[in-house]
Amino acid sequence: MTDKTLHKFDKKMFNHNLISWYHKNKRELPWRDTNNPYAIWVSEIMLQQTKVDTVISYYKKFMNRYPTIFHLAKAEQQEVLKEWEGLGYYSRARNLHDAAREVVATYHGEVPKNPKQLGTLKGIGPYTQGAISSIAFQQPEPAVDGNVMRVLSRVLLVKDNISEQRTRKKFEHIVRELICHSDPSAFNQGLMELGALICTPTSPACLLCPVQNECRAFAEGCEKKLPVKLKKKKQKTVSYLVLLIRDVDGKIAIEKRPDKGLLANMWQFPMIELKDKHSLEKIAEKKYGIPLILKEELGHVNHVFSHLIWDLHVYEAICATRPEISEQVRLSFIKEEELQDYPFSVSHIKVREFLQGKHG
DNA sequence: AATCCGGGGAG
DNA sequence: CTCCCAGGATT
């Protein structure tokens, strides 16, 4: 089927204005002074669902720790998760780590240049495949992310719902026809940089836009109505009671989460869903084998911790008689200084900081 | 096709 | 406080 979106569109002028604007106005970022495919790869994974400003420090630290794919492949997963601590979407770290090992094992450590091979690696989907192909290897592949869809939906007045998969495919088709073959990297990065700096979601700076003249939405004054996005999902928050459990010699209890689902393989302080307040003690006893005496402030939700002292030897004795408290869900008692060696999510980092602030 | 993954920032 | 953001994997 033929698409009419690019009919009568001045591709040459658009590309020229976009790319010269990009070269003049691009931000200097630590992953922009290299064509090392591994470095580009790491940056693109970190940039998924994450703002540039947040990524910069993580990227520097990560590349310092794992300068090559071989360093990353050799690392333990816990160590990689620790580097990712606080960045969120931790499956990205696990997948990147797995994929690095696969590249070392299968391609002698050379990131595959073939887009199809790239796409088979864990954590590399259509967008990242195109981003690495174009930025690291200068191949004219589309790298359609949310920025690109926003920019192009405005410039080309595309009113399709960008929440649907076929809309992303439509934009990939459009980019294949539009992309600058002499500099695919600058073209793709230019579109994304324009989306980040000028063609922003709620208040685009059209008066500063290098492709204002080529923009159909601006001509019609409807840029703020685009892109069309119909999906809406409400996420519900769940409150937990966090338990600060100490051994008699001061060690603190933490546990490792399961290897699937939310925050997989991350560590946390033991906790109980704050749902049925009357049976919390019962649930705590069942889950951890530890008698819990709750305090008054429980009603106030947010940062309510329950402190208790418990003897590790007694705990171990109880666990020995309770087969349902298996090795996997067993609490680990560690010295407080060692908390910094384990990967925690942001909410548990806050608990850790609360703990360390008490005698810092 | 719909839902699950986290965290940060805007309003 | 609520809403918004958005690639990839999973179901």
Side-chain angles (χ1 to χ4, degrees), chain A residues 40-58 81-99 102 115 118-135 141-153 160-169 171-172 175 188 191-192 195-197 199-205 224-240 257-268 300-303 343-351 353:
Chain A
I40 304 294
W41 179 13
V42 171
S43 74
E44 287 300 337
I45 299 298
M46 285 189 173
L47 287 164
Q48 288 170 5
Q49 291 85 38
T50 311
K51 300 265 189 292
V52 163
D53 290 344
T54 307
V55 166
I56 293 174
S57 63
Y58 281 91
L81 285 174
K82 183 67 193 174
E83 289 299 311
W84 217 269
E85 182 184 87
L87 198 51
Y89 283 105
Y90 299 95
S91 66
R92 294 182 297 171
R94 290 184 279 113
N95 288 335
L96 173 63
H97 185 224
D98 289 349
E102 189 181 341
L118 266 180
T120 67
L121 295 171
K122 277 191 179 181
I124 298 185
Y127 162 75
T128 308
Q129 174 186 329
I132 297 173
S133 296
S134 61
I135 299 171
E141 292 287 315
V144 176
D145 72 347
N147 286 313
V148 172
M149 288 198 282
R150 184 173 60 256
V151 171
L152 290 182
S153 71
D160 302 44
N161 175 11
I162 65 166
S163 299
E164 291 177 16
Q165 280 213 339
R166 67 161 180 273
T167 306
R168 198 205 73 234
K169 294 191 174 183
F171 281 117
E172 285 175 350
V175 169
N188 279 339
L191 278 181
M192 293 188 275
L197 299 181
C199 196
T200 54
T202 56
S203 49
K224 289 188 180 176
K225 303 277 186 198
L226 292 167
V228 174
K229 193 173 0 178
L230 290 181
K231 216 169 266 179
K232 54 168 83 169
K233 64 219 151 174
K234 53 196 175 213
Q235 46 197 34
K236 50 193 167 187
T237 63
V238 183
S239 295
Y240 288 88
R257 296 183 59 93
D259 63 2
K260 289 192 190 317
L262 180 68
L263 301 170
N265 287 349
M266 300 292 281
W267 289 75
Q268 66 183 14
H300 304 132
V301 191
N302 266 347
H303 286 332
F344 292 93
S345 67
V346 164
S347 55
H348 286 269
I349 290 173
K350 286 174 181 164
V351 178
E353 285 171 350

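Quick note on labels: first sequence line is chain A, next is B, and so on, each numbered from 1. Just the heavy atoms: all of them, side chains too, but no hydrogens, waters or symmetry mates, feed the values below.
- A donor-acceptor pair under 3.5 Å links the side-chain atoms of A:Arg257 to the main chain of A:Leu262, judged by distance alone.
- Here C:dG7 is the nucleotide among C:dA9, C:dG7, B:dG7 with the atom lying nearest to any side-chain atom of A:Thr128.
- To the nearest whole angstrom, the two P atoms, one in C:dA9 and one in B:dG8, are 23 Å apart.
- Listed for the A:Gln129 side chain is no donor-acceptor partner under 3.5 Å among the backbone atoms of A:Leu118.
- The shortest distance between the side-chain N/O atoms of A:Lys229 and the OP1/OP2 oxygens of C:dC4 is not below 4.0 Å.
- Using a 4.0 Å heavy-atom cutoff across all strands shown, A:Pro126 reaches sugar-phosphate atoms only and no base atom.
- Remark: A:Arg94 is not in phosphate contact with B:dC5, judged by side-chain N or O atoms under 4.0 Å from OP1 or OP2.
- Checking B:dG7, B:dC5, C:dA6 against every side-chain atom of A:Leu262, the shortest atom distance belongs to B:dC5.
- No contact: A:Ser163 has no heavy atom under 4.0 Å from any strand.
- When the nearest nucleotides of DNA chain B are assigned to A:Thr202 and A:Ala264 by heavy-atom distance, the more 5′-ward of the two goes with A:Ala264.
- Once rounded to the nearest 0.5 Å, the distance linking CD1 of A:Ile135 with CD of A:Glu141 reads 12.5 Å.
- The distance from atom CD1 of A:Ile349 to atom C1' of B:dG6 is 11 Å, rounded to the nearest whole Å.
- Taking only distance into account, the side chain of A:Tyr89 meets the base of C:dA6 through a donor-acceptor pair shorter than 3.5 Å.
- If you take atom P in B:dG9 and the same atom in C:dG8, they sit 23 Å apart, rounded to whole Å.
- The distance from atom CH2 of A:Trp41 to atom P of C:dG8 is 13 Å, rounded to the nearest whole Å.
- The structure places CG of A:Leu226 at 11.5 Å from CZ of A:Arg150, a figure rounded to the nearest 0.5 Å.
- Between the CD atom of A:Gln48 and the C1' atom of B:dC4 there is a distance of 15 Å, given to the nearest Å.
- Heavy-atom distances to DNA chain B give each of A:Gly86 and A:Ser203 a nearest nucleotide, and the one nearer the 5′ end belongs to A:Gly86.
- Here the closest non-hydrogen pair linking A:Tyr90 and A:Phe344 is OH-O, 4.2 Å.
- For A:Gln129 and C:dG8, the CD to P distance is 9 Å, given to the nearest whole Å.
- Using a 4.0 Å heavy-atom criterion, one finds that A:Arg168 contacts no nucleic acid atom at all.
- Note: CG (A:Asn95) to P (B:dC5) measures 14 Å, nearest angstrom.
- Scanning DNA chain B for stems, defined as runs of 3 or more consecutive Watson-Crick or G-U wobble pairs whose donor-acceptor distances all fall under 3.5 Å, gives the following ranges: B:1-5 with C:7-11, B:7-11 with C:1-5.
- The CG atom of A:Leu47 sits 15 Å away from the C1' atom of B:dG8 (whole-angstrom rounding).
- A salt bridge is absent between A:Lys169 and A:Glu172; no separation between the charged side-chain nitrogens and carboxylate oxygens falls under 4.0 Å.
- Taking atom CZ of residue A:Phe344 and atom P of nucleotide B:dG7, one finds them 13 Å apart after rounding to whole Å.
- Of the P atoms belonging to B:dG6 and C:dT11, the separation is 15 Å, rounded to the nearest Å.
- Close to B:dG7, at under 4.0 Å from its OP1 or OP2, lies no side-chain N or O of A:Thr54.
- Heavy-atom nearest nucleotides on DNA chain C were determined for A:Ile124 and for A:Asn147, and the one closer to the 5' end corresponds to A:Asn147.
- Between atom CD of residue A:Glu44 and atom CD1 of residue A:Ile132 there is a gap of 7.0 Å, rounded to the nearest 0.5 Å.
- To the nearest 0.5 Å, atoms OG1 (A:Thr128) and CD (A:Gln48) are separated by 4.0 Å.
- A:Leu263 has its CG atom 15 Å from the P atom of B:dC4, to the nearest Å.
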